[in-house]
Structure formats: structure tokens, C-alpha cells
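Below, each value reflects all heavy atoms present in this structure, side chains not excepted, and no hydrogens, waters or symmetry copies. Treat the numbers as computed from the prediction; the structure is a model and nothing was measured. We name chains A, B, ... by the order of the sequence lines, and we start the count at 1 in each one.
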Amino acid sequence: MGVITDNLGLYADGLLGTLKICALVAVAALVLGIVLAGFRVSPVPPLRAVGTAYVTLVRNCPLTIVLFAFAFGLPEVGVNGSYFIFGAAGLTIYTAAFVCEAVRSGIGAVDTGQAEAARSIGLTFSQSLRLVILPQAIRAVIPPLGNVAIAMVKNSAIVGAFGVGGELYSVANTLNGARGEPALPVYAGVVLGYLIIIIPAGLLLLAAEKRFRVAR
Amino acid sequence: MAKSARGEPLIVMAGVEKFFGAFQALHGISLTVHSGEVLVIVGPSGSGKSTLCRCINRLETIDAGRIMIDGEPLPEEGRALARLRAEVGMVFQSFNLFAHKTALENVILGPTKVKRIPREAAERQGRELLDRVGVGAKAGSYPAQLSGGQQQRVAIARALAMEPKAILFDEPTSALDPEYIAEVLDVMAGLARDGMTMVVVTHEMGFARRAADRIVFMADGRILEEGAPENFFDSPRTQRARDFLARILTN
Amino acid sequence: MAKSARGEPLIVMAGVEKFFGAFQALHGISLTVHSGEVLVIVGPSGSGKSTLCRCINRLETIDAGRIMIDGEPLPEEGRALARLRAEVGMVFQSFNLFAHKTALENVILGPTKVKRIPREAAERQGRELLDRVGVGAKAGSYPAQLSGGQQQRVAIARALAMEPKAILFDEPTSALDPEYIAEVLDVMAGLARDGMTMVVVTHEMGFARRAADRIVFMADGRILEEGAPENFFDSPRTQRARDFLARILTN
Amino acid sequence: MSGSVLHDVPGPRGRRRIAIASAVAALALIGLGALVIRRLAANGQFNSGKWSPLFNPGDKDFPDVWRLLGGGLLHTLTAAALAAVFSLVFGVLIAMSRISAARWYRWAVVGAVELLRGVPVVIAVFFAAQVLPAYGVRLPLLWYIVIGLTAYNSVVISEIVRAGVLAVPKGQTEAASALGLTRGQTLRVILLPQAFRSMLPALLSQLVVIIKDTSLGAFISYEELLRRGLITVQTLHNPIQTYLLLAAIFILINYLVTRLAIYLEARLSGRRSGRPVPG
Amino acid sequence: GSSGSTTGTPASAQSKPTFPANTTMARLAAAGKITVGTKFDQPLFGLKGLDSKVAGFDVEIAKIISAGLGIKQDDITFVETPSAQREGAIQQGKVDFVVATYTINDKRKQLVSFAGPYYQAGQDLMVKKDNTTITGPESLRAANAKVCSVSGSTPAEKIKDYVDGSKIVLFDVYSKCADALRTGQVDAVTTDNVILLGLIDAGGGAFKLVGKPFTTEPYGIGIKKGDVAFCQFIDSQLTAASADGRYARAWESTAGKVARATPSLPALTACS
Ligand SMILES: Nc1ncnc2c1ncn2[C@@H]1O[C@H](COP(=O)(O)OP(=O)(O)OP(=O)(O)O)[C@@H](O)[C@H]1O
Ligand SMILES: Nc1ncnc2c1ncn2[C@@H]1O[C@H](COP(=O)(O)OP(=O)(O)OP(=O)(O)O)[C@@H](O)[C@H]1O
Ligand SMILES: [Mg+2]
Ligand SMILES: [Mg+2]
């Protein structure tokens, strides 16, 4: 276990790097996912088709391939960027599909009766959306969205395996691969790093769920 | 108990047809509800009672025929439709109170957001309405904290808060525990006495007999009989109605 | 309609107390059901009727007192408990038919798995029972393909298939559409006539008056009144019972 | 038809607006497509040399490419199948022990499950591939990916199974008890069959996850489809075309699995949701 | 593409060689098969092709050594050992030796032993085919040339000795440097000549190597630490192959297709 304590700085940097990627991707994927969810529930058929196609294609495609396609495919058509950008973009594209489904299922979880009641007291479309549907949908969206976020943190390890330096996964590569430190403690340290992010996130999610459940 | 004077025609349906895919739920429905009238719709499950109700405030679109409210055709969309809906209240079988709002907030949402009444005035009126339906003490409770009977009475108060010209009730007591049924029916009977125009889908034959001005009997998407309660219950003209009454009145 | 001869004590409860956490659902319940007797339990929501029923075949454990079935104390667990349960049938408000099995399979499951009757004999008996409750034609249907009334009749057949000494009914018609209530009550009345020992929790006062040998009125986890139907309905002794009857008989 | 949660059934003005929006969206999509195609063309991505080895059976490299990729696909499916079977077996065992475990060791099961759930799959795979050999467990590469995927997916599946059993309405257990069925009989005859039906879609979604995650094998040099694709790119220098092909293969397989899930769900619930037939 | 080379079959390997008992050589010769770690993605040195065969100079070296053990080409199993996994693969015995553009350095020597070196790589420059002004690192300043490399790499540091920082363009992968060179955004690309050779191969004749390495990267053959006998055996095979021309043919059939000059075997370091 000396490896971990000897390289605490490296691990801490890795943790920070992972958090950095995750924060960036979380924001971007949330925005893109909500837009896509808007497409999927839109009354405009072509937009719905785009949303459906996006989700079907991206969800069934391994993240690894998305990442490879970004990093090695895009430069072929003159789109250049750093691995960090490509990695974050790939993870965003991938995660957005899941955000979209979470948001859509949240809207779907709102009872149609609520919308009908809203309409029948004379609320307009935007009023019923703002005052009745979204406030309830947001509650229903929190648990699945939280799970998407946790999955995203774990998927950021794939981005790491793929060559973005400076995050948790690459710590294992540096210590075990390049420096030849024993694998078990090195990987144990990396797992610990992810758990440091994921376990509190899970607890936070649980607390959020509970809070919103009580509030109704 | 039926009121004597018959008001102006308020809701007029003429030749209304409604399809769900290939299935025809309503066949050439023509029906007039007069101002101040209490119309009770009865009929077996799946006969189209709810559909008829829901067409009146366009929760369902119709495929043929016309619906007029207070002399004007039912608007198809937009603000005009929203305004019309505010004039025709609706009470659902499953209450449909806004789950994230207290009883009082449920009641004042329409007045403040649609009619733009100042919040204070709306709250005052809201509390009065909650008192009127007997749940004044529960103004601050969320729907999940209320019994079914209480929820349904809040829903009635919510409909009343818009000062509608008519209220549609779609099996308002079917989702209630038996002991709460009476309290909701009492509130409805009170409204009827006060001259509210009401269209009521219900299986409560006692209420129908007591409170209705007119009974409509539906089966298979058609209106088979229409008449005063005493005529319908004591001498139904069709075999379908006789069968229905026999089955439902056994217990 | 009440049968004249009173049989041996079959179910005996003495000083039964039941807590849910800090909340006491049953207070010192003592009650004897005789062989061949039809006992109807009525009372407001939350008064402990279901809990009492469920304690009898130990779907709920009790915290004090004793329950004896046919002279033997209620076993606490294991095979002995399973055997006892097979001797006391139960019919639930929500039918609880096994969703992945057909009507006939539901009926023969107990006989084949618990009583180890050969499948063929069990099927023959099962079909007879389905005929008896009037759903013989639906033997091959899955629960979801049956109306509520049909499901509940299959559930009764399932209970009968174990040839129980008594059957407990917990609001067997409360989940039914009004038009299906009569058919289930008819089957139950038939069983009563045939001498089945029955404990029935119900809100159907018509049935209670017609079919019961004895009425038990519960409120707040206590038995407040007990007596012949005509006495209970025509001259309830407690204010609680008068209130309850007033409310429930309004509609 | 009735409106959705969000939208009322549109009227004539609404329909007109939707039509206009549709036209605008369609035009935008076509424009976007045209831009992409122009960009691809400008960068020589439509040169037949980049496509032909993959798609033209007459190309001299075609047989080699497909022998390579076909073998990779086989490896992918092998790994997925093994991981799926092991995950299912262990998942059910874990779920059962979690449902029926004594208090003290249930705590341990829950702890292990939560721990494993927090570990990224790619780390689990690397862990297997790097740590096991260091302790003398030398296996063909296939098994490291299978072990890594199983470690992760069996706990996920155990949660699916547990949720499935717990989601069977309580009334079913009570009805079984009331008939005199023992606990074991109830679990076997009543709960598991019903739980299995409701779990099937979730299990098949997890199969999709497993199939996708086999591509992590590429990182430990296991020559599944993606790794083989990378190898062809080294010679053919056509990453865009090859990744498109690989993505298409994965998407097709997973789409079929998803369709199967939907089909089975509809078939199984068909019996349960059919409208009652009166009479 | 594959090379139908026969460099692995020396005239003397027809008869089974014999080795002292309990040596690695004896074990391998007896087994008649061998597992070799190499790269699968390094053009010209170790590249897995469409035919599923690995080809390149490293592979040919492996064949030469195996032939010395009496092991036929078909009995060699090539296993992919990416840079980060070479020491582990040797230590855990996954492979019998590693030939994988494996630079000998002191840190690695603490974990494994090296035979060879069999090739002296070094940092070099790649320029456009028709460029004549850039002849070596010293000519860069005079030519006012922009040089491209990968950020954070050793070559990017080393080149600072020869040009101003402002003239250095950094990307994250070498293929982008090649694109930049093609489009004229930079005038030269610098890194290990081996990698440059791969880029030249992929460049379809647009680039060439300047051929004046200005650092030394001795490539060795990694074996289990302390296996002196095996090290000496490998060295002897290299020396023999160099003498009888198999070494040169190995180069010419692989990297030599791109690199002009055929190298000669570097001076071997002592086994320890
Ligand atoms: N959204 C829908 N899609 C398809 N069919 C529908 C829909 N809504 C109702 N139906 C069908 O239309 C018919 C009439 O339904 P409706 O709900 O109006 O009956 P009802 O008289 O209200 O019955 P109940 O007493 O059971 O409420 C039924 O056969 C029903 O299955
Ligand atoms: N599992 C439980 N946990 C906690 N409280 C319970 C539980 N089951 C019942 N209770 C409480 O015990 C009391 C009696 O419940 P019970 O279901 O027996 O009433 P009931 O007379 O059957 O009412 P209803 O007519 O509504 O069915 C109620 O206050 C109820 O909230
Ligand atoms: Mg209805
Ligand atoms: Mg009850």
C-alpha cells in the first residue's frame, strides 16, 4: 500500500483531473440531452425522428468506438483538437443520449391526469408546462439523472484508458505501466479514487430522492 | 327535487362522432344541456360516457359533428380554447389534484394564473370555497396527505374557483372508499341545488334519482334513452337499460 | 335466511392485540366463529377489519392473546402453519390471482402442490369448481383477460379447491366495477346456503342483512357491537354504529 | 387521439405550425447532411480505396479484412455470451443470498455489491488483466475480459433480480401463503416466474451493456471486433469508414437485442394486459 | 503488407542445435515453440496486417533468434505488448522475450535484462520529399524552419536545443504533424526515426527522412532479469545474422523499404 501513500500527489491530481472531465461533460451532456429530449417529445415529426435516431444509434454503440471515431476520425476531415477535447466531446455525445432518455422518462412519469387537470382549468400550454408538468417531472427525473451521472463518472475511466492524461485512470498507467509498481495496490488506489467520487454521489442522490419524495 | 325552470341551451352537441383508431367510441351524439340543468349520464362500462364528457372541453378531439358552448363553437386551440375550458370545469374520477401543491394552492392556481386575480383575493376566495366543500381545515395539506373524499372535494373547489358556467363530473366517486362517497355526493347535491349546470357521469343511482333533472342512458357509444329520472328508473324503454338497471340495482 | 343450528366453535380469538409499531390496530379482540356460521364484519375504514381477518390465518402475527382453529392453537411457522392456512381459505379484495397462471391452473395449484392430489383429479375437481362459480368457460384464460367479477369468482374457486373448514373474505367486492358486484355476492350467498363457514368483511349492507348469521361492528380496533343482522341494522346500540350506518346507507 | 402529457391535440393553426416547423427542420437536416457530405468529399473520404476493402467483395483485401473482422466479431460474441451467462448465474445467487441472508452477512453482501457497483468496468477489466497474472493466474486474454465484465454485471443483475422479486405484488405472496404453500414453494412457483417475466427487458438491456463493454477488450489487446478494426485501419488508413462499419455492426446487434426485449415484453404481458372479455 | 522473407532460416539451422541443460534455450528448443512480445501497431517494426500476420523489423529479429533455437517461423506466437506492458509481460512469463522498439535504459534494467542492442534508433527529422535545405538539426535555424512534435514528449524537449521555442508547433499526435507538414504549416517533423519511418510509409511518398539522428535510442531485446545465458545466446545470434547477411536482409525487407540506408548491428552491451 506504500505505493498509494508515496504517490498521494499523483492520485490527488488524477482525482482532480477526473472531476474536471466529469464537470465539463456533465454540463455539456445535460444541455444536449435536454435539447434532445425536447426533440423527442416535440410535435414536429422530423425533430422527433432526429431525437429517436440519435438515442437509438448512440445508446447501442460502445463508448469506445465513439471515442475512437472522434479522436482518429475527425482529424481525417480536418477537425483538430486535443485528446482531452475529443475525449470530453465523445463522452458528452454518449452521455447525452442517456440524459435524453432520463428526461423523457421523467416527463412520461407525470400522470396525464395532471396535464388534463391543468388544461381543464384553462392553463395555456406554457403555463401547464411551467406550473404543473415540469415541477413534477424534475422530481421524477432526479433519480435516473443521478444514475446517468454516476455512470458518466465511471465511463470517464474509458476516456482515460484511451489516452487523456491527468485523470485517475492514467495514474494506474503511469505507476503500473511506466514505473512498474505492483498492480494490486496501484489499481486498488485508483478504485478508491473512483469510490471517493461515486459513493458520496450515490448518497447525495439518495438524499435528493428522499427530500423530493417528502416534499409532495 | 328537479328544478322547474329550464334555462338557455348552454352545451349543445350535434352529430358528434369519435374514433379511437378504427374503434368508434361515439356514434352521432346529439345532446343539449341547458343552463342550470343537472344531467346525469349512466351506462355500462366502455359505453363512451367518459369520452362524451371529455369531448365537451376538448380533452378529446371529435371527428365529426359540432359542439357549441354558450352559443359559440368549441375553439380548437390556443388562448380561445384555454378560456373556454376555464368556463367549463371538470372533476375527474382520479381527482388529479396537482401533487406538488397544497389544497389551497390547487384551488387558487387557476384564478391567479388564468384570471389574474391578485393572490390575496384569490386566497380569500379559495379558503371560502374549501370551507364550502368542508375541507377548510386542510388548506395547507398536500394531496397525498388527504383522504380520497377530501381530495375530491378540493378538486370540486378547484373547479368552482374558476366560476365556470358548467361543471363536468366523470365518475367523481368511483375511486372513493364507500364511506367517503356520501360526503362528495352531498357537496354535489348542494351545487345542484344552488343552480350550477352539471353533467355527471356516475354509477350512484341514488344520487342520479335524487339530483338529476334528466338522465341520459348510453350503450356502445350511442344515447339509447333520455328522460326524467322517475321515468328512466321506473320504466326504462329499452332492454339494454332494463338489463343494466337490474344488474346495478341488485346490491 | 340465517341458518338455525349453531355448530361447534371453529375459530376462537381471545384477547387478541395487534400493534403496528406504536399504533395499536386491535384491542383485546375476543370472537368465536362457529362451524357453518356466516359472520359479517362491518365498520369504518381503518377500524381493523382486515387486520383481524389476516390475523386468523397469520398473514399478520399477533402481539397478545390466543387464536385457536378447530381446537388447536394457531401454529407459528413452518409446515404446520402452511397446513393450517390450507384449512382456512382466504379471498382478497384485489383477487390476487397468480398472474402467470390460467384460471384453472390457479385453482389446481394448491391441491397439486400442497395436498399432492394427482394433476388429473385436481383438474377435474377444478373444472367443477369453476363451473360452480359460473366461470367454467374461462378455465384457460389468464387473470388479465378476465373481468374483475370473473377474477374474484376464480379466486373463490381457488379457495374452495383446498376444501377449507372456513373461508375469510376481505372486502371481496370493493375492487369491482358496480355491475360485477352482484355476480360475486351471488356466489357467496350460495356458499353460505351450502353451509360454508365464512368470515366476511364488506361494505355491502344488503348482502350483510341477507346472508349474515351474525354481524360484528368494529371501530378503532375494538368490537363495539355484535348481534343478529336485523337487530344491528334496525336498532344499533352505539352512537358510532348509528353514525356509520347513516353515512353508508345514504347512497 | 388523446393528447400527450405535454401537448393538446393540435387544432388547424397548430397543425399548420407543425407543418411549417417540419419543413424547416427537414430543410435544416438536409442542409446539415449536405455540409457533412461536402466536408467528407473535400477530404477525400469518398475515395474508393477507403471503402472498397470493406464493402466491395471484388477488392483484393476484402477477404482478408472480413476474415479478420469476422473473427473479431466471433470473439466479441464469445466474450459477451460467457460474461452474460456467468453474470446471470452469479447475479441470481447474489440476489438470493441478499434476500434470504442472515442480518450480519447480508451487510457484507450489500457492502460488496455497492463496492463493485462503484468500480468502472474498464478498471475491473484492467484489474483482472494486470492484477491476476501478477498473482500467477495466467489465463487467455478472453477470460480477463469475461472476469472483468462478470464482476461488474453480476452485481447489477443481482439488483435487477432482487428488484424483480420485490416488485411482485405482496398479494401474490399472501395468496400463496393462504393456500398453504411453503416459503420455498412460493419463491419457486409464484415469485421467480413472475419476476423473471418482468425482469426480462431489464436483463436484455444489461446484455446490450455487456456486448458494448466487450469492446473494452481492445485495451487489453484482446482481439475482439474493435481491436481487429484498429488493425485494419493501420493498413487501410480509413478510420472513418472502419469505425462507421464497426459502429453499424454493434448498433445492429444491440438493436436486435432491444427489439427482442420489446417483443418478449409485449408477448409476455399480452396475457396479462389483454382487455377482459365480457361474458 | 507481409514479407515472404526467409531471414529466419540460417543455413546452419537445419540440424537441431543443442544447449546445456536447464537453460532457457534448452527449454525453448525442447518445447519447439516460443512466445514473443512485440508491438502490433508500429509500422515497419511490428505491425499486424490484414492477413493477421505481424510483420516488421522487430518480427524478423525475433525470427532470427528463434531460428537459432531450432524453432520454425510457424511455431512463434506473437503477443501484443504495448509500451506500458512490456516489463509486466516479461516478469510474469507471458512471453519468452520482447522485441518491441524497446529502448534500453537504466530504469528498465532494474526490472528486466536486455540483449542487444540490435538497432540504434535516434531522434531525426522528417521533411517533404523535395526539401533540400534541411539536412540536419543544425540546418533548421538557417532555414528558419517550423518544427512539429507532440506535446509533452522527450523529442519536443530535445529539439529546443536547435530551434527557438516560437518555431516549435506541438500537437497531441504525430499524424497531425504529418498533416501540417503536408499542408506546409510546418517544415519538419521531429521524433524517433522509427516513428517517422512509419509516417513516411503512410504518407504515400510525400515525405522523406533526413537521416541524421541526433540522439541515441538503443533498442534491446527484453528478457527475464538476470538470464545471462539467454542474453549471450541472443547476442551471438545477432552477431551471426549480421555476419551472414540475414540482419541486412531483415532490414531491407521491412524498414528498409522506406529508409535509405541499411544500418549495421550496433556494438552489443555486456550481458548482466
Ligand atoms: N385513448 C383511448 N384509446 C383507445 N380507445 C379508447 C381510449 N379511450 C377510451 N377508449 C375506448 O372507448 C370506449 C369508451 O370509453 P369510455 O372511457 O368513454 O367509456 P365509459 O363509458 O366512460 O366506461 P367506464 O364506465 O368504464 O368509465 C371504450 O371501449 C374504450 O376502450
Ligand atoms: N402494515 C401496516 N403497517 C402499519 N399500519 C397498518 C398496517 N396495516 C394496517 N395498518 C393500520 O391499522 C389500522 C387498521 O387497518 P385495517 O386495514 O385492518 O383497517 P380496515 O378496517 O380493514 O380498513 P378498510 O376498510 O380501509 O380496509 C389502520 O389504521 C391502518 O392504517
Ligand atoms: Mg369512464
Ligand atoms: Mg381492509
Side-chain angles (χ1 to χ4, degrees), chain A residues 34 37-38 41-48 52 102-146 204-216, chain B residues 50 53-54 56-60 75 77-102 105-116 141-146 151 154-155 157-164 166-170 175:
Chain A
I34 289 175
V41 299
S42 143
V44 181
L47 293 184
R48 266 205 315 271
T52 310
V103 172
R104 195 175 72 108
S105 77
I107 292 170
V110 178
D111 185 19
T112 341
Q114 296 284 317
E116 292 186 344
R119 279 173 215 155
S120 72
I121 58 170
L123 295 182
T124 61
F125 167 73
S126 71
Q127 281 177 324
S128 28
L129 194 65
R130 231 168 353 101
L131 300 169
V132 176
I133 296 162
L134 285 188
Q136 296 189 47
I138 285 169
R139 279 153 215 228
V141 156
I142 284 176
L145 216 49
L204 207 69
L205 177 61
L206 223 64
E209 272 176 50
K210 220 173 260 164
R211 213 197 109 140
F212 282 114
R213 213 170 18 222
V214 173
R216 337 188 117 204
Chain B
S50 298
C53 244
R54 293 161 56 81
I56 294 178
N57 68 353
R58 208 176 179 275
L59 288 179
E60 304 286 354
E77 59 202 327
R79 301 211 156 263
L81 176 61
R83 197 164 349 97
L84 176 278
R85 280 173 173 163
E87 291 184 356
V88 180
M90 176 126 193
V91 174
F92 300 86
Q93 173 174 353
S94 45
F95 328 141
N96 292 344
L97 289 185
F98 303 128
H100 61 305
K101 294 194 177 287
T102 64
E105 287 166 355
N106 263 278
V107 174
I108 66 170
L109 186 72
T112 52
K113 299 290 169 181
V114 178
K115 300 183 25 177
R116 312 231 166 254
S141 303
Y142 284 92
Q145 300 165 330
L146 301 175
Q151 286 190 58
V154 174
R158 178 174 69 180
L160 288 173
M162 298 304 290
E163 296 174 333
I167 304 187
L168 314 170
F169 293 82
D170 187 7

Separation of [Y] [atom2] from [X] [atom1] (nearest 0.5 Å):
| X | Y | atom1 | atom2 | value |
| --- | --- | --- | --- | --- |
| Glu60(B) | Glu116(A) | CD | CD | 7.0 Å |
| Arg58(B) | Ser120(A) | CZ | OG | 14.5 Å |
| Lys113(B) | Arg130(A) | NZ | CZ | 6.5 Å |
| Leu134(A) | His100(B) | CG | NE2 | 9.5 Å |

(message) Please classify the contact of Gln127(A) with chain B as side chain, backbone, both or neither, using a heavy-atom distance under 4.5 Å.
(response)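 Only the side chain of Gln127(A) comes within 4.5 Å of chain B.
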(request) Go through the atoms of Ala118(A) and report whether side chain, backbone, both or neither lie under 4.5 Å from a heavy atom of chain B. (result)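 Contact with chain B involves both backbone and side-chain atoms of Ala118(A).
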(message) Please determine whether side-chain contact (heavy atoms from CB on, under 4.5 Å) holds for the pair Val132(A) and Leu109(B), giving the CA-CA distance in whole Å, both sets of side-chain angles, and the decisive distance to 0.1 Å.
(response) CA-CA 10 Å; Val132(A) 176; Leu109(B) 186 72; 4.1 Å; yes
Please state whether the side chain, the backbone, both or neither of [X] comes within less than 4.5 Å of a heavy atom of chain A.
| X | value |
| --- | --- |
| Val88(B) | backbone |
| Lys101(B) | side chain |
| Phe92(B) | side chain |

Any idea which heavy atoms bring [X] and [Y] closest together, and the distance?
| X | Y | result |
| --- | --- | --- |
| Val114(B) | Gly122(A) | CG2-O, 3.5 Å |
| Arg119(A) | Arg85(B) | O-CD, 3.2 Å |
| Arg158(B) | Ala117(A) | NH2-CB, 3.4 Å |

(request) Heavy-atom pairs under 4.5 Å with chain A are the metric here; pick the option from Asn57(B), Leu81(B), Leu84(B), Leu97(B) that has the most. (result)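 Going by pairs under 4.5 Å, I would pick Leu97(B).
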(request) Determine the option with the most heavy-atom pairs under 4.5 angstrom with chain B, choosing from Leu123(A), Thr124(A), Ile121(A). (result)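 Result: the option with the highest number of such pairs is Ile121(A).
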